[in-house]
Trainee: 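My questions will all concern the structure given below.
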There are 2 protein chains.
Amino acid sequence: MVVDDEKDILQIVKYNLELHGYEVETAENGVDAITKLGIFKPDLVLLDIMMPHKDGIQTCIEIRANPDFDDTIIIFLTALSDEKSEIRGLELGADDYIAKPIKPKLLVSRVHSAFRRITEDDSSVIIFPDLEINREKFLVVHKGKEVSLPRKEFELFSLLASKPGRVFLRNEILDKVWGNEVIVGDRTIDVHVRKIRQKLNADFISTVKGVGYKFQN
Amino acid sequence: MVVDDEKDILQIVKYNLELHGYEVETAENGVDAITKLGIFKPDLVLLDIMMPHKDGIQTCIEIRANPDFDDTIIIFLTALSDEKSEIRGLELGADDYIAKPIKPKLLVSRVHSAFRRITEDDSSVIIFPDLEINREKFLVVHKGKEVSLPRKEFELFSLLASKPGRVFLRNEILDKVWGNEVIVGDRTIDVHVRKIRQKLNADFISTVKGVGYKFQN
DNA sequence: ATACAACTTAACAATTTCGTAATCCCCAAA
DNA sequence: TTTGGGGATTACGAAATTGTTAAGTTGTAT
């Protein structure tokens, strides 16, 4: 949902976001926004600060006060002059701000990142067809069968599975599974990968030579 | 790197950024800046517009003309009166601007976001019709078909594709794909190009005789 | 103490990726 | 037409990276 009192801006923003596959609703002031928020339950609100009938700051406070919208992303649209507001906005629970005049590429890129951020939830259970990784129980369920992996193997596997398809560099893996201080040989990773492949006899992990490993379902 | 002819400002900016863990170098005019830029290779340049010995605008143009600094963020420091310059600055490839008088909190907050932007938006996916290059997954998708290229080939290809149309000199390619230390023969590049063309049987890479290669969609 | 699982490492095998040389082609200038 | 300067191809050995196995290490429950 885009909230701004200038129709030109609503139109520009709406057009550009729709071009990238987003569904966009608009509102022309804070009061309007609050009303429509309940109806459309948007994932993200682009909120102008200077508006008649309840400004952006006030609107933001009200949105944040309602637990129903805890997961709603708020991004401020700020005119050059509202310097203080920008900072204040971030303190009030906004997630980002975009300076006017709006540059379409930047707008889209910011919105993308905002969504990316919330999608990267480290929910404790990662689910795929035939495979479920439960971080809390330290358990992998593969085709209905529980497989329990030792700590390092589990951490390595769940790291890879946390972003299917994405290649993790060996260094990255060492950092995240072993930590920065510990120094282990290079073959260590391979050996763990081997054991995982062996225990879930299905090749979820694929090698990218010279780069690292990735999870591939 | 902070560039400004007023020492007071250099000091204020330096102090505040160092307080937040940034490493700060200073320069007092455009000429000085260009020189030091080559030495320190800063991630971000805060550039005053009104300066003797080459103003900020001119300096910005020169920085942007050098591919070595493609990834360098430029933020202008503008006196309130240079409104027109601000807009012009953004058109010249600056990433943001901060109005003087400088307010420390705002300064730091802008610098933070600028860094956040490059780390996040370093859009790991380059998209063209029928072609998608996913740096994160180390994967090229051509007409819906996944093609996985070996490391050097991938890096070479994604380098070229990162700036469609721009010609990369052979030297430049060697630098960016192989690194400065490694020395390999000239024919090596050709061979890799060949393999890429072969694997994506479509000619995305075009040769510029006596100069280098470029990506052409 | 003993047994055992988890983790590392070493050593060697198996692959894949790289770099180069040799040769072929193309095109433009002479 | 010739000729010469790139560039394109090809094939192959060297180098780099992984896979695999087995043998230590360490820590912990029995």
Side-chain angles (χ1 to χ4, degrees), chain A residues 135 137-140 146-160 167-216, chain B residues 135 137-140 146-160 167-216:
Chain A
R135 280 181 158 134
K137 298 183 180 173
F138 249 65
L139 209 61
V140 175
E146 292 192 352
V147 181
S148 92
L149 299 176
R151 195 170 56 243
K152 295 286 187 210
E153 287 166 34
F154 186 85
E155 277 169 11
L156 171 49
F157 191 51
S158 80
L159 172 66
L160 296 182
V167 177
F168 289 82
L169 312 180
R170 295 179 96 92
N171 283 334
E172 227 177 325
I173 296 176
L174 287 177
D175 266 20
K176 299 201 174 163
V177 176
W178 275 266
N180 265 317
E181 339 75 39
V182 189
I183 299 166
V184 294
D186 245 18
R187 299 271 65 65
T188 302
I189 296 182
D190 307 313
V191 174
H192 283 272
V193 169
R194 163 114 214 302
K195 291 191 173 156
I196 296 168
R197 286 172 169 160
Q198 197 173 296
K199 285 179 187 167
L200 316 168
N201 46 25
D203 214 342
F204 292 110
I205 300 176
S206 62
T207 305
V208 182
K209 266 217 167 193
V211 187
Y213 291 95
K214 67 180 170 182
F215 178 94
Q216 200 85 61
Chain B
R135 285 190 156 112
K137 300 187 176 182
F138 249 83
L139 211 60
V140 175
E146 292 190 351
V147 181
S148 90
L149 301 175
R151 196 174 63 211
K152 295 283 188 214
E153 287 167 34
F154 187 86
E155 277 169 8
L156 171 50
F157 191 50
S158 80
L159 172 66
L160 296 182
V167 179
F168 288 83
L169 312 180
R170 298 179 93 93
N171 281 335
E172 227 177 324
I173 296 177
L174 288 178
D175 264 23
K176 300 203 174 162
V177 176
W178 275 265
N180 268 317
E181 339 74 39
V182 190
I183 298 167
V184 295
D186 246 21
R187 299 271 65 67
T188 300
I189 297 182
D190 309 0
V191 174
H192 279 91
V193 169
R194 165 97 218 308
K195 289 187 175 159
I196 296 168
R197 286 171 169 160
Q198 195 175 299
K199 286 180 186 166
L200 313 169
N201 47 25
D203 213 344
F204 291 110
I205 300 176
S206 60
T207 306
V208 182
K209 271 208 161 195
V211 186
Y213 292 94
K214 68 179 173 182
F215 179 93
Q216 200 81 61

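In what follows, chains carry the letters A, B, and so on, assigned in the order in which the sequence lines appear, proteins first and then strands, with residues in each chain numbered from 1.
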Trainee: Could you state the CG-P distance from A/Leu156 to D/dT18, rounded to the nearest angstrom?
Mentor: 14 Å
Trainee: For nucleotides 19-22 of chain D, tabulate all protein N/O to nucleotide N/O atom pairs closer than 3.5 Å, reporting atom names and distance.
Mentor:
residue: D/dG19; atom: OP1; partner: A/Arg197; partner atom: NH1; Å: 3.1
residue: D/dG19; atom: OP1; partner: A/Thr207; partner atom: OG1; Å: 2.6
residue: D/dG19; atom: OP2; partner: A/Asp190; partner atom: OD1; Å: 3.4
residue: D/dG19; atom: OP2; partner: A/Tyr213; partner atom: OH; Å: 2.4
residue: D/dT20; atom: OP2; partner: A/Arg194; partner atom: NE; Å: 3.3
residue: D/dT21; atom: OP2; partner: A/Arg194; partner atom: NH1; Å: 3.3
residue: D/dT21; atom: OP2; partner: A/Arg194; partner atom: NH2; Å: 2.7

Trainee: Would you kindly give the CD-to-P distance between A/Glu153 and C/dA6, to the nearest whole Å?
Mentor: 7 Å
Trainee: From A/Ser206 OG over to A/Lys214 NZ, what is the distance, rounded to the nearest 0.5 angstrom?
Mentor: 5.0 Å
Trainee: Report the distance from atom CZ of B/Phe138 to atom C1' of C/dT16, rounded to the nearest whole Å.
Mentor: 15 Å
Trainee: Please find the pair of heavy atoms, one from B/Leu139 and one from B/Phe154, that lie closest to each other, and give the distance.
Mentor: N-CE1, 3.5 Å
Trainee: Can you find a side chain N or O atom of A/His192 that sits less than 4.0 Å from OP1 or OP2 on C/dT8?
Mentor: yes
Trainee: May I ask you to verify if any side-chain N or O of B/Trp178 is less than 4.0 angstrom from the OP1 or OP2 atom of C/dC18?
Mentor: no
Trainee: A side-chain contact here means heavy atoms from C-beta on lying under 4.5 Å apart; do B/Lys195 and B/Leu156 qualify?
Mentor: no
Trainee: If the sugar-phosphate is the primed atoms plus P, OP1 and OP2 and the base is the rest, what is the B/S/- string for nucleotides 25-30 of chain D, using protein heavy atoms under 4.0 Å?
Mentor: ------
Trainee: Can you tell me how far C1' of D/dG6 sits from CG of B/Leu169, to the nearest Å?
Mentor: 16 Å
Trainee: Testing A/Ile196, A/Leu159, A/Asp190 for side chain to side chain contact (heavy atoms under 4.5 Å, CB included) with A/Tyr213, which one passes?
Mentor: A/Asp190
Trainee: Please give, in whole Å, the distance from C/dT8 P to A/Leu174 CG?
Mentor: 10 Å
Trainee: Got a second to check how far A/Arg187's CZ is from A/Arg194's CZ, nearest 0.5 Å?
Mentor: 13.5 Å
Trainee: For B/Arg151 and C/dT17, give me the distance from atom CZ to atom P, rounded to whole Å.
Mentor: 10 Å
Trainee: How close do A/Asp186 and A/Arg170 get, heavy atom to heavy atom, and via which atoms?
Mentor: O-NH2, 3.3 Å
Trainee: What's the CD1-P distance between A/Ile189 and C/dA10, to the nearest Å?
Mentor: 15 Å
Trainee: Just call it for B/Val182: base, sugar-phosphate, or nothing, with non-hydrogen atoms closer than 4.0 Å on any strand.
Mentor: nothing
Trainee: For the CD atom on A/Gln216, are there more than 12 heavy atoms of other groups (residues, nucleotides or ligands in this structure) within a distance under 6.0 Å?
Mentor: yes
Trainee: Do the ring planes of B/Phe204 and B/Phe215 sit parallel (below 30°), tilted (30 to 60°) or perpendicular (above 60°)?
Mentor: parallel
Trainee: Looking at A/Thr188, I'd like to know whether one of its side-chain N or O atoms comes within less than 4.0 Å of OP1 or OP2 on C/dT9.
Mentor: yes
Trainee: Would you mind telling me which residue lines up with the more 5' stretch of DNA chain C, A/Lys199 or A/Asp186, judged by nearest nucleotide?
Mentor: A/Lys199
Trainee: Are there more than 12 heavy atoms of other residues, nucleotides or ligands under 6.0 Å from atom CD of A/Glu172?
Mentor: yes
Trainee: With the threshold set at 4.0 Å, does a side-chain nitrogen-carboxylate oxygen contact exist between B/Glu153 and B/Lys199?
Mentor: yes
Trainee: Polar pairs (N or O, both sides) under 3.5 Å between protein and nucleotides 24-26 of chain C?
Mentor:
none

Trainee: Looking at CD of B/Glu155 and CZ of B/Phe138, how far apart are the two atoms once the value is rounded to the nearest 0.5 Å?
Mentor: 5.5 Å
Trainee: To the nearest 0.5 Å, what is the distance between CD1 on A/Ile183 and OG1 on A/Thr188?
Mentor: 12.0 Å
